[in-house]
Amino acid sequence: MDKNFYITTPIYYPSAKPHMGHAYSSIIADFFARFKKIDGFNVHFLTGTDEHGLKIQRAAEVKNVDTLKFCDEISETFRKLSKTLNLSNTDFIRTTEERHKKTVQYLWNILEKNDEIYLSKYSGWYSVSDEAFYNEDEIETIDGKKIAINSKSEVEWVDEESYFFRLSKWEKPLLDFYEKNPDFISPKSRKNEIISFVKSGLKDLSVSRKSFSWGIKVPNNKDHIIYVWLDALTNYISALNYPNKENDLFKTFWPASIHLIGKDILRFHAVYWPAFLLAAKIELPKKVYGHGWILSGDEKMSKSKGNILDPLEIIEQYGLDPLRYYLIKEVSFGNDGNISQDRLEDCINSDLANNFGNLCQRVTAFAMNNCQGLIPKDIDFEKEDLVILDDFKLNIENIRVKIDEQDVNYYINFIVNSLFVANKYFNDQEPWKKKDNPKRMNTIVYTTFEIIRKISFMLYPIIPDSALKALKIFEINENNINFSSIMNNNFLEQGKKFNKIGILFKKIEK
RNA sequence: GGCGGGGUAGCUCAGUUGGUUAGAGCGCGGGACUCAUAAGCCCGAGGUCAGUGGUUCGAUCCCACUUCCCGCUACCA
């Protein structure tokens with residue numbers, strides 16, 4: 001079995017400050033990375049910034065600062081965001097790094113050598129902000145300015161020499177690949193869109209620009225800059241030091257297990273990227289998953305509507321883990337998700353504070369008073385105890401399968417349901433009425449402790465800090481979290497002292 | 001215009017390979033308890049499953065049409 005797992009987020013284009021969409025992609029990726037980690041996988045988790053292109057160049061010019069300095073600054077804000085989101089990424093790549101440039105130029109040379117690239121000429125209306133060309137009928141004139149109808153961005157006439165990638169010849173191979181790898185484009189709902197796009201015919205792709213300088217130069221023709229997408233997508237292998245044979249990261253982690261991205265850039269990842277790789281005779285990633293957008297009040301978040309939810313502000317107000325939990329729980333993964341501060345607060349109060357936090361509290365408080373502050377030792381499981389404990393064992397394989405299908409909601413719903421069951425169990429068993437039957441009382445406490453431990457293990461990928469805080473009860477640290485051990489009903493050392501912990505989640509006054 | 005997805009409780013969504021009383025969470029109303037963050041547990045109210053017609057012994061689930069929303073794509077010109 002392949003015990004290596006390589007997951008990537010998009011590399012973020014830092015022309016604006018980080019928003020909820022960035023946070024969402026990163027948090028979900030971190031969830032998968034952490035889960036695989038505690039399930040015994042060797043995990044490589046990559047994120048970073050995409051820093052080339054005319055848009056960045058002009059933004060730097062406007063600010064009158066050196067372009068690279070400009071990039072250093074904004075890339076740093078994304079690196080900080082990774083820290084703020086408590087990402088477990090093992091690398092952070094910038095397309096302005098030397099290691100990346102070398103790989104991109106190497107890849108270019110392969111493509112050129114394989115006759116996958118040729119020099120020709122392109123003319124048309126070009127939008128800098130969209131990085132795309134438009135036909136005459138796709139633009140309109142407003143106030144004397146040429147505007148792309150779809151994106152409302154300004155276009156300018158470009159008439160220049162350009163290198164082209166023979167995308168057209170990969171139409172059939174791509175379709176064959178999709179067929180042989182039915183899960184490559186996920187979720188399924190977006191697969192048809194891509195397939196029908198490819199079926200409708202692929203045109204060769206312009207992969208160089210002469211009109212600006214901020215990018216990676218085409219080897220042997222310094223007048224040309226490599227197209228930003230060819231540049232950016234390559235980050236997934238440049239971060240593995242491809243083609244450096246001295247370093248076995250590439251050997252270990254390629255092909256990537258999953259490229260996690262937003263649905264807006266699915267085409268680049270599901271068509272262009274595999275085509276580049278096919279042309280260079282490099283293995284294709286196993287899966288590209290295009291998740292939905294985070295919406296606020298049914299509308300795309302926008303400043304003018306004042307409905308923007310800034311991840312940093314939310315985190316400052318409520319804390320990181322509530323945001324992570326909320327995004328993973330309430331957004332139906334793969335679909336667009338509506339979020340609101342109101343629902344976030346409900347979620348914190350009912351799921352985190354009342355259900356999970358209070359469970360930890362009530363059991364430790366009870367055990368502190370009735371079990372001398374020790375994890376009970378004189379215990380004897382009965383049927384109703386084992387039914388609950390074994391439920392984790394019975395579902396463990398299923399949970400792994402669901403994770404590999406990116407069924408995030410199944411995973412968290414299993415946890416929520418376990419919490420209901422746990423609270424009901426403690427209620428129904430009424431240990432406070434069993435003080436004259438210490439063995440039974442001890443067993444109830446031990447069972448509930450074990451449930452808390454198992455649930456905390458499962459919560460760790462979602463809310464790592466809070467799960468670790470809960471596990472402090474048993475003095476379990478990060479290195480001792482192991483998903484397989486949720487099968488074990490006797491993980492906790494009997495007779496050992498346990499710790500009382502404070503409030504895990506503060507309730508929001510509404 | 002074409003292709004695809006969708007319209008299910010106040011809200012967010014699940015589900016039914018067609019079959020007696022359509023589900024969950026949140027929210028709301030009531031009850032019993034007390035270990036706990038006035039948390040937890042139990043009970044309950046709430047839906048013509050977008051509309052119309054058809055197939056069927058029987059449709060929320062199949063078919064047709066209508067309508068609304070969303071995505072991809074094309075084009076008239």
Side-chain angles (χ1 to χ4, degrees), chain A residues 135-140 149-150 185 187-203 262-267 270-271 290-300 325-371 407-410 412-435 441 444-445 448-449 451-452 470 473 500-510:
Chain A
N135 292 326
E136 194 70 42
D137 58 357
E138 288 173 306
I139 59 168
E140 60 190 341
I149 292 170
N150 282 330
I185 305 170
K188 278 200 178 67
S189 52
R190 283 186 234 295
K191 190 171 148 183
N192 285 341
E193 287 176 12
I194 295 294
I195 290 178
S196 64
F197 171 74
V198 174
K199 273 187 178 158
S200 74
L202 297 175
K203 278 187 270 186
K263 63 180 183 180
D264 49 326
I265 54 174
L266 186 57
R267 183 187 299 176
V271 181
H291 69 240
W293 286 340
I294 302 301
L295 311 173
S296 180
D298 260 335
E299 300 186 63
K300 246 184 256 183
Y325 183 89
Y326 175 61
L327 288 175
I328 291 173
K329 163 103 187 291
E330 293 267 312
V331 176
S332 166
F333 189 60
N335 299 323
D336 291 354
N338 286 305
I339 63 169
S340 75
Q341 213 155 329
D342 206 43
R343 290 288 309 138
L344 169 64
E345 292 181 351
D346 284 346
C347 202
I348 293 170
N349 285 349
S350 54
D351 284 25
L352 296 175
N354 293 349
N355 241 324
F356 180 57
N358 184 55
L359 177 69
C360 295
Q361 207 68 29
R362 69 193 296 208
V363 180
T364 47
F366 182 85
M368 199 51 85
N369 294 330
N370 297 285
C371 306
D407 195 339
V408 174
N409 301 94
Y410 180 93
I412 197 162
N413 287 335
F414 180 87
I415 295 174
V416 172
N417 193 52
S418 300
L419 283 168
F420 289 142
V421 170
N423 269 308
K424 179 172 167 51
Y425 167 85
F426 201 71
N427 249 42
D428 292 352
Q429 295 303 317
E430 301 183 304
W432 47 91
K433 287 185 182 167
K434 304 271 163 62
K435 293 181 184 173
M441 186 187 76
I444 294 164
V445 170
T448 316
F449 272 165
I451 296 170
I452 288 175
I473 298 171
K500 210 172 171 178
I501 53 160
I503 298 284
L504 271 180
F505 302 96
K506 247 192 275 174
K507 290 188 71 168
I508 313 292
E509 299 291 340
K510 298 192 80 172

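If you're wondering where the values come from, they're calculated on a predicted model, not measured in any experiment. So you know, we letter chains A, B, ... as the sequences are listed, proteins then strands, and number each from 1.
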key: Euclidean distance for P, B:G40 against B:G51 (whole angstrom)   = 36 Å
ask   = If the C1' atom of B:G46 is compared with that of B:A24, how far apart are they to the nearest Å?
value = 15 Å
ask   = Nearest-Å distance, CG (A:D428) to C1' (B:U34)?
value = 14 Å
ask   = Under 4.5 Å between any side-chain heavy atoms of A:E345 and A:S340, yes or no?
value = no
query = Taking the inter-plane angle between the rings of A:F333 and A:H291 on a 0 to 90° scale, is it parallel (under 30°), tilted (30 to 60°) or perpendicular (over 60°)?
reply = tilted
query = Using atom P of each nucleotide, how far apart are B:C13 and B:A64 to the nearest Å?
reply = 27 Å
ask   = On a whole-Å scale, what distance lies between the P atoms belonging to B:U8 and B:C65?
value = 22 Å
task = Please report, rounded to the nearest Å, how far the C1' atom of B:U37 is from the CG atom of A:N349.
result = 10 Å
message = Could you check B:G30 for me: syn (within 90° of 0) or anti?
response = anti
key: Whole-Å C1' distance, B:A50 and B:U60   = 11 Å
request  = Only one of A:D351, A:N409, A:N413 passes side-chain hydrogen bond (donor to acceptor under 3.5 Å, both in side chains) with A:K329; say which it is.
outcome  = A:D351
Sugar-phosphate, base or nothing in reach of A:F420, heavy atoms under 4.0 Å = sugar-phosphate
ask   = Considering only B:U34, B:C35, B:A36, which nucleotide approaches the side chain of A:F426 most closely?
value = B:C35
message = Between B:G58 and B:U66, how far apart are the two P atoms, rounded to whole Å?
response = 26 Å
message = Does B:G40 have OP1 or OP2 under 4.0 Å away from a side-chain N or O of A:N354?
response = yes
inquiry  = Any side-chain N or O of A:K507 below 4.0 angstrom from OP1/OP2 of B:A39?
reply    = yes
message = Would you measure the distance from the C1' atom in B:A22 across to the matching atom in B:A36 and give it in whole Å?
response = 36 Å
message = Over all strands shown, is A:L504 touching base, sugar-phosphate only, or nothing at heavy-atom distances under 4.0 angstrom?
response = base
request  = For A:A353, answer base if it contacts any base atom (sugar-phosphate contacts may also be present), sugar-phosphate if it contacts only those atoms, and nothing otherwise; contact means non-hydrogen atoms under 4.0 Å.
outcome  = base
request  = Would you indicate which nucleotide in B:C35, B:U37, B:C26 comes nearest to any side-chain atom of A:R343?
outcome  = B:C26
remark   = Taking every heavy atom of A:Y325 against every heavy atom of A:I412, the minimum-distance pair comes out as CE1-CD1, 3.7 Å
inquiry  = Side chain of A:S332 only, heavy atoms from C-beta on: which candidate in B:A14, B:C35, B:A36 is closest?
reply    = B:A14
ask   = Quick one: which of B:U34, B:C35, B:A14 gets closest to the side chain of A:K433?
value = B:U34
note = A:E193 has its side chain closest, among B:C72, B:C26, B:C13, to B:C72
task = Select one nucleotide: of B:U12, B:U37, B:C26, the one nearest the side-chain heavy atoms of A:S350.
result = B:C26
inquiry  = Any side-chain N or O of A:K329 below 4.0 angstrom from OP1/OP2 of B:G25?
reply    = no
message = From the set B:A14, B:U37, B:C26, return the single nucleotide nearest to any side-chain atom of A:F505.
response = B:U37
